[in-house]
Protein chains: 2
Amino acid sequence: MYLGMPESDFPDIRGLHLFAEMSDEHFLALMRGSYVQNFPPQIQLIEEGDPSDFLHIVLSGSVELFSSWNHRETSMATVRPVSTFILAASVRDAPYLMSARTLEKSRIALIPSQDVRAVFDIDAHFARAIVTELAQCYRSVVKNTKDLKLRTSLERLANYLLRQQKRENGASEFDLPIEKRLLASFLGMTPENLSRAFKSLKSYGIHVSGNHIKILDQEDLEKFARPSALIDDFRS
Amino acid sequence: MYLGMPESDFPDIRGLHLFAEMSDEHFLALMRGSYVQNFPPQIQLIEEGDPSDFLHIVLSGSVELFSSWNHRETSMATVRPVSTFILAASVRDAPYLMSARTLEKSRIALIPSQDVRAVFDIDAHFARAIVTELAQCYRSVVKNTKDLKLRTSLERLANYLLRQQKRENGASEFDLPIEKRLLASFLGMTPENLSRAFKSLKSYGIHVSGNHIKILDQEDLEKFARPSALIDDFRS
DNA sequence: CCTTAGTCTTGATAAATATCAATTCAAGCT
DNA sequence: AGCTTGAATTGATATTTATCAAGACTAAGG
C-alpha cells in the first residue's frame with residue numbers, strides 16, 4: 001500500500017492537538033493523500049491570494065507568515081514545529097490571506113484541504129479539534145490587534161520580551177528566536193526604531209547583546225510593560 | 001412546555017448561517033435554555049476577562065465590541081442584527097477578550113455556552129456551521145491586522161469608505177452607520193485626526209456633511225485607496 | 001584571511017499622529 | 001425658543017514613528 005508520507009513523520013503529526021483524538025482510520029486516510037517536502041531557506045511556499053489547496057504543517061525548521069500591500073510588507077507570525085498553518089483558509093476553501101516563506105531549511109507536510117474538509121464531516125473528534133484550534137487562532141489574532149492598537153511600540157517590545165521570557169520558563173536571560181529585522185516588522189515598527197526601543201529599555205533593566213537578552217530588573221520591566229492576561233497569555 | 005425565548009424570535013435566529021442547517025430538535029433544544037432581553041443604550045453587556053457563559057445574538061439595535069488596557073480603550077467592531085458575537089470564547093470556554101456595550105436600544109438573545117458545546121458534539125451540521133463561522137471571524141481579524149499594519153490612517157479611512165459604499169450596493173452617497181468618534185477608534189486614530197483625514201480626502205472627491213458621505217470621483221478615490229480583495233472583501 | 005553582503009546601529013531630518021485648548025455645531029429637553 | 005450636553009472641528013504644539021544616509025558589526029564564501 002502506498003503512503004504519500006513516510007511513517008516516521010506520523011508520530012509528530014499525530015501528537016498535535018488537531019490530530020490527537022481522531023480515529024486511526026481517519027488519520028491514515030488523511031496521511032494517505034498527504035506528502036512531505038524539504039525546502040531550503042527563504043523559499044516562498046504560499047502566495048497570498050492563491051487558492052488554499054493544502055493544509056500545511058511545519059515538521060522542522062520555521063516558517064514566516066507575511067502580507068503585502070502596495071509594495072509594503074509586514075510579518076504576521078512565525079510558525080515553529082510542530083504546528084499547522086492556514087487552517088482557516090483550508091476549511092473555508094478560500095484564498096490564502098497571508099504568504100508564507102521558510103526562514104531556514106524546513107520540512108513541511110502538506111495535507112489536501114479537501115481531505116481535511118471530508119474527514120471533518122465524518123469524524124466528530126477531528127471536528128471538535130478543528131473548532132478548538134480555530135477559536136484559539138482567532139483569539140491570538142484578537143490579542144495581537146489589542147497589542148497593536150492599545151500600546152506604543154516601546155510597550156509592545158517590552159511585553160514581547162516578557163512573553164518570550166515566559167516561553168523560556170521565566171529564565172532571566174534568553175536568545176531572541178528571530179532576527180531583529182523580522183521582530184521589528186512583527187511588532188509593527190521599523191528596524192531602526194526597534195534598535196532605539198531596545199536602547200530605551202536599558203533604563204528598565206534590559207541588556208541586549210546581539211540577539212541575547214538579559215532581564216536585570218524584572219519588577220521594573222513589568223511595572224513599565226503592564227502585561228495583561230487578555231493580551232499576552234498564550235493559552236486561554 | 002416552557003420556552004425561554006418567544007417563538008417570534010425563532011425565525012431571525014434560524015435564518016443565521018450558524019443555525020440554518022441544524023435539526024429542528026437540536027435547534028429547539030438550544031432555544032429552550034436561551035432567553036431574550038431588551039437593553040437601553042450604552043449598557044455594558046460583557047466585561048472582558050469574565051467567563052463566557054453565553055453566546056450572544058443581536059436581534060435588533062447594535063452592539064460595540066471594545067477593549068481596554070492601561071486606561072486606554074479601542075473599538076474592535078460593531079455588531080449589527082442579526083448576528084452572533086463572542087462565539088470563539090463560547091466554544092473554547094475561555095474568558096471574553098473583548099467587552100461589549102449596546103450603542104442603542106437593543107434586543108439580545110443569550111444562549112448558554114455549554115448548550116452550544118453540547119449540541120456541537122451531537123449535530124454535525126451545527127458543527128460544520130460553527131467551523132465556517134469561526135474561520136470567517138478569524139479571516140476578518142487577519143484582514144483588519146493587515147489594514148492596521150500596512151496602511152496609514154488616511155488610507156484606512158479611504159478604504160473604509162469604499163467598503164461602506166459596497167455595503168450600500170455601490171451608491172455614490174450614503175450615511176456613516178456609526179458616530180465619527182467611534183469610527184476613529186475603530187480605525188485606530190483620534191477623533192481630531194479623523195476630522196483632518198476627512199478634510200484631506202476632499203482632494204480625492206469625498207464630500208462630508210455631518211454623517212452623510214458623497215463620493216464624487218470614484219476613480220480618483222480608488223486610485224488613492226488601492227482597495228484589495230485580501231483586505232477589504234467581506235466574503236472570501 | 002580577506003572580501004562581501006547583509007543586518008544592525010546611529011544620527012539627522014521628515015512625516016505621521018497625538019495631545020491640548022478653544023470653538024462651533026447639533027440633538028434633545030424643558 | 002432657549003438651554004444643555006456632548007460631538008465635531010480647528011489651530012497650535014508635542015510626541016511618536018518613519019525615512020534617509022552613513023558607518024559598524026557579523027557571518028558566509030572564496
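Letters go in sequence order (proteins before strands), and every chain restarts at 1.
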Exercise answer: donor-acceptor pairs, residues 63-73 of chain B side-chain atoms, under 3.5 Å, sequence neighbours excluded:
{"residue": "B/Glu64", "atom": "OE1", "partner": "B/Arg101", "partner atom": "NH1", "Å": "2.8"}
{"residue": "B/Glu64", "atom": "OE2", "partner": "B/Ser75", "partner atom": "OG", "Å": "3.4"}
{"residue": "B/Ser67", "atom": "OG", "partner": "B/Leu97", "partner atom": "O", "Å": "3.3"}
{"residue": "B/Trp69", "atom": "NE1", "partner": "A/Arg226", "partner atom": "O", "Å": "2.8"}
{"residue": "B/Asn70", "atom": "OD1", "partner": "A/Arg226", "partner atom": "NE", "Å": "3.2"}
{"residue": "B/Arg72", "atom": "NH1", "partner": "A/Leu150", "partner atom": "O", "Å": "2.8"}
{"residue": "B/Arg72", "atom": "NH1", "partner": "A/Glu155", "partner atom": "OE1", "Å": "2.7"}
{"residue": "B/Arg72", "atom": "NH2", "partner": "A/Glu155", "partner atom": "OE2", "Å": "2.9"}
{"residue": "B/Glu73", "atom": "OE2", "partner": "B/Arg101", "partner atom": "NH2", "Å": "3.2"}

Exercise. Once each nucleotide of nucleotides 17-27 of chain C is scored for protein heavy atoms under 4.0 Å, what B/S/- sequence comes out, 5' to 3'?
Worked result: SBBB-------

Is it true that [X] and [Y] make a salt bridge, defined as a side-chain N closer than 4.0 Å to a carboxylate O?
{"X": "B/Arg107", "Y": "B/Asp12", "result": "no"}
{"X": "A/Glu48", "Y": "B/Lys146", "result": "yes"}
{"X": "B/Asp233", "Y": "B/Lys143", "result": "no"}

For this session: Output yes when at least one side-chain N/O atom of B/Lys199 is less than 4.0 Å from OP1 or OP2 of D/dT9, else no.
Result: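 For B/Lys199, the contact criterion (side-chain N or O under 4.0 Å from OP1 or OP2 of D/dT9) is not met.
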
For this session: Check the angle between the aromatic planes of A/Phe224 and A/Tyr204 and answer parallel, tilted or perpendicular using the 30° and 60° thresholds.
Result: parallel

Distance check needed: [N] [atom2] versus [X] [atom1], whole Å only.
{"X": "B/Leu194", "N": "C/dA16", "atom1": "CG", "atom2": "P", "answer": "17 Å"}
{"X": "A/Leu187", "N": "D/dT16", "atom1": "CG", "atom2": "P", "answer": "17 Å"}
{"X": "B/Asn211", "N": "D/dA8", "atom1": "CG", "atom2": "P", "answer": "9 Å"}

For this session: For DNA chain C, determine which residues of residues 173-185 of chain B have any heavy atom closer than 4.0 angstrom to one of its atoms, and list them numerically.
Result: none

Problem set entry | Residue pair A/Gln165 / A/Glu173, side-chain donor-acceptor N/O under 3.5 Å | no

Exercise. Taking the six-membered ring of B/Phe174 as reference, does the NZ or CZ atom of B/Lys214 fall below 6.0 Å from its centre and within a 45° cone about the axis?
Worked result: no

Exercise. Is there a donor-acceptor contact under 3.5 Å from the side chain of B/Ser113 to the main chain of B/Ser90?
Worked result: no

